[in-house]
J.: 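Mind having a look at this structure? Questions to follow.
Note that the structure is a prediction, hence the values are computed from the model and not measured.
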Amino acid sequence: MSKRAQHGPGGPEIVPAFLSVGDCALAVQFGDVIDADVNRRVIALAESLSDFPIPGVLECVPTYRSLLVSYDPALLRGTALEAALAERIAQLKVSAGSARQWRVPVVYGGEVGLDLEDLAREKQLTPNELIQIHSAAEFRVYMIGFAPGFAYLGGLPKALHTPRLPKPRQSIPAGAVGIGGQQGSINSVTGPSGWRFVGWTPWRAFDPARAEPFLFAAGDRLNFVPVSAAEGAEIAAAIASGESMPMPEAAP
């Protein structure tokens, strides 16, 4: 488990733990909680290894609190990689950065947002009140995983924290906007899920035909924007025809 140590006026620094994952991967663990500061360190290390590769490293996969670093043991030993990563982390520059900001259209309720009304009753809210709470929040993309382009989101308001279903549904469509525990999500492909779903976005989180198949990336920020079912259908049709492409907000 990682520890926190005091390092001057900048406040506590996170001291990572290095965990062997078989004989060809190393996990660099920066914390054990969902925390934006921890996640920024994960992303900063991943970007550093992308910009300035360590020979023998094959791939890096960022998660909420750790970075999985895969390597070729014929070219690089685990102990040497750990030492190189420790040196890299000591020099790491971590900042809030200029994360991309997305305004994601969502059709709340309906056929895909099938849990909206039940969740509202459970929370003693009206469906409109639940929508207002959900769409007023700013979410952070903590990681992409589970399925290609599937976005795990932090920032779900505490009033909407809800356990997942005890029995997963077998088929939830791509674009479904979900709630699971204290997390949010955007489904990227059709598949089974135990999350609770409040809406659907016509945007495609995963499209193998795009130059960049994954729409979102770890570190991105996003807000959900309610749209009508008719507007959602229009947006989906424009994307399918190639007339429109989801884009992040322009930098200020």
J.: What are the two closest non-hydrogen atoms of P55 and L76, and how far apart are they?
T.: O-CD2, 3.7 Å
J.: For atom CD of E117, decide whether the heavy atoms of other residues, nucleotides or ligands shown that lie under 6.0 angstrom number more than 12.
T.: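 It does not: E117 CD has 12 such atoms or fewer within range.
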J.: Can you tell me how far the OG1 atom of T162 sits from the CG atom of D118, to the nearest 0.5 Å?
T.: 11.0 Å
J.: Could you tell me whether a side-chain N or O of S241 sits under 3.5 Å from a main-chain N or O of A238, the two making a donor and an acceptor?
T.: yes
J.: If you compare all heavy atoms of A176 against all heavy atoms of W200, which two are closest, and at what distance to 0.1 Å?
T.: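 Answer, listing the atom of A176 first, then W200: N-CD1, 4.0 Å.
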J.: Is any side-chain heavy atom of Q183 closer than 4.5 Å to one of L153?
T.: no
J.: Should I144 and L156 be counted in the same cluster of Ile, Leu, Val, Met, Phe, Trp and Tyr side chains packed under 4.5 Å apart?
T.: yes
J.: Indicate yes or no for a side-chain donor-acceptor contact from K123 to the backbone of H161 under 3.5 Å, with no hydrogens or angles considered.
T.: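 Side chain of K123 to backbone of H161, a donor-acceptor pair under 3.5 Å: yes, one is there.
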J.: Begin with the C-alpha distance, continue with both residues' side-chain angles, and end with the deciding distance and a verdict on side chain to side chain donor-acceptor pair (under 3.5 Å) for E231 and S228.
T.: CA-CA 5 Å; E231 290 172 319; S228 68; 3.3 Å; yes
J.: Within the side chain of S185, is there an N or O that forms a donor-acceptor pair under 3.5 Å with the backbone of N187?
T.: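 Pair absent, no side-chain N/O of S185 close to backbone of N187.
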J.: Heavy atoms, side chains only, cut-off 4.5 Å: are L26 and S20 in contact?
T.: yes
J.: Side chains of I131 and L116: does their closest heavy-atom pair fall under 4.5 Å?
T.: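 Yes; the side chains approach each other to less than 4.5 Å.
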J.: Are F214 and F216 close enough that their ring centers fall under 6.0 Å?
T.: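 Ring centres of F216 and F214 not closer than 6.0 Å.
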J.: Is S135 close to P226 at the side-chain level, that is, under 4.5 Å between some pair of heavy atoms?
T.: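 Yes - at least one pair of side-chain heavy atoms lies under 4.5 Å apart.
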J.: What's the shortest heavy-atom distance between L92 and R41, and which atoms?
T.: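 Closest heavy-atom pair between L92 and R41: CD2-O, 4.0 Å.
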J.: Are any non-hydrogen side-chain atoms of T63 and L68 less than 4.5 angstrom apart?
T.: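 Sidechains of L68 and T63: no contact.
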J.: Would you say V57 and L75 are hydrophobically clustered, going by side-chain heavy atoms of ILVMFWY under 4.5 Å?
T.: no
J.: In terms of side-chain heavy atoms, does R65 have a donor or acceptor partner in N39 at a distance below 3.5 Å?
T.: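 Note: R65 and N39 side chains miss the donor-acceptor criterion.
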J.: Quick one, V69 and F18 - any side-chain contact, counting heavy atoms below 4.5 Å?
T.: no
J.: Is it true that V42 and V94 fall in one hydrophobic cluster, defined by side-chain heavy atoms closer than 4.5 Å?
T.: yes
J.: Give a yes or no on whether a salt bridge exists between R169 and D115, defined as a side-chain N under 4.0 angstrom from a carboxylate O.
T.: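 A salt bridge is present here (some side-chain N lies under 4.0 Å from a carboxylate O).
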J.: Identify the heavy atoms of P127 and A120 that sit nearest to each other, and give their distance.
T.: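 Heavy atoms of P127 and A120 come nearest at N-CB, 3.7 Å.
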J.: First locate atom CD of E87, then atom CD of E82, and finally report the distance between them rounded to the nearest 0.5 Å.
T.: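 So the CD of E87 and the CD of E82 are separated by 13.0 Å.
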J.: Would you check, one step at a time, whether the test salt bridge (Lys or Arg N to Asp or Glu O under 4.0 Å) holds for R196 with E122?
T.: CA-CA 12 Å; R196 312 287 289 276; E122 183 178 324; 3.5 Å; yes
J.: Checking S188 side chain against P148 main chain: does a donor-acceptor pair fall under 3.5 Å?
T.: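 Yes, because the side chain of S188 sits within donor-acceptor range (under 3.5 Å) of the backbone of P148.
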J.: Do W203 and I235 touch side chain to side chain, with heavy atoms closer than 4.5 Å?
T.: yes
J.: For the residue pair P105 and P202, what are the closest heavy atoms and their distance?
T.: O-CD, 3.6 Å
J.: Quick check: does any side chain N or O of S50 sit under 3.5 Å from a backbone N or O of A46, one acting as donor and the other as acceptor?
T.: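 It does not hold such a pair.
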J.: Strictly below 4.0 Å, N to O, side chains only: are R221 and E249 in salt-bridge contact?
T.: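 Salt bridge flag = no for E249 with R221.
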J.: So that I know where these two stand, are F224 and Y108 an aromatic pair - ring centroids less than 6.0 Å apart?
T.: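 Between Y108 and F224, which both carry aromatic rings, the centre distance is not below 6.0 Å.
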J.: Starting from F139, can I reach F197 by hopping between I/L/V/M/F/W/Y residues whose side chains sit under 4.5 Å apart?
T.: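 F197 does not cluster with F139.
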J.: Can you tell me how far the CG atom of L85 sits from the CG atom of L67, to the nearest 0.5 Å?
T.: 8.0 Å
J.: So, Y152 versus Y142, ring centres under 6.0 angstrom or not?
T.: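 Here the rings of Y142 and Y152 have centres that are no less than 6.0 Å from each other.
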J.: Between atom CG of L215 and atom CG of D220, what is the distance when rounded to the nearest 0.5 Å?
T.: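 Reported to 0.5 Å precision, the distance equals 8.0 Å.
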J.: Would you indicate whether the side-chain heavy atoms of L81 and R77 approach each other to under 4.5 Å?
T.: no
J.: Just verifying a value: how many Å separate S193 OG and Q170 CD, rounded to the nearest 0.5 Å?
T.: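 Answer for the OG-CD pair, S193 versus Q170, is 10.5 Å.
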J.: Could you tell me if N223 and W102 have a donor-acceptor pair between their side chains, going purely by distance under 3.5 Å?
T.: no
J.: Establish whether M143 and V28 are linked, either directly or via other cluster members, by ILVMFWY side-chain heavy-atom contacts under 4.5 Å.
T.: no
J.: On a heavy-atom basis, which atom in P246 and which in I239 lie closest, and how many Å separate them?
T.: CG-CD1, 4.0 Å
J.: Taking side-chain contact (heavy atoms from CB on, under 4.5 Å) as the definition, give me every residue that meets it alongside R88, ordered by chain and number, with sequence neighbours left out.
T.: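 Scan of R88 (side-chain contact (heavy atoms from CB on, under 4.5 Å), adjacent residues dropped) gives L45, S48, L49, F52, I54.
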J.: Rounded to the nearest 0.5 Å, how far apart are CG of L125 and NE2 of H134?
T.: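 Those atoms lie 13.0 Å apart.
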J.: Counting only heavy atoms not in R210, do more than 12 sit closer than 6.0 Å to its CZ atom?
T.: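 Enclosed.
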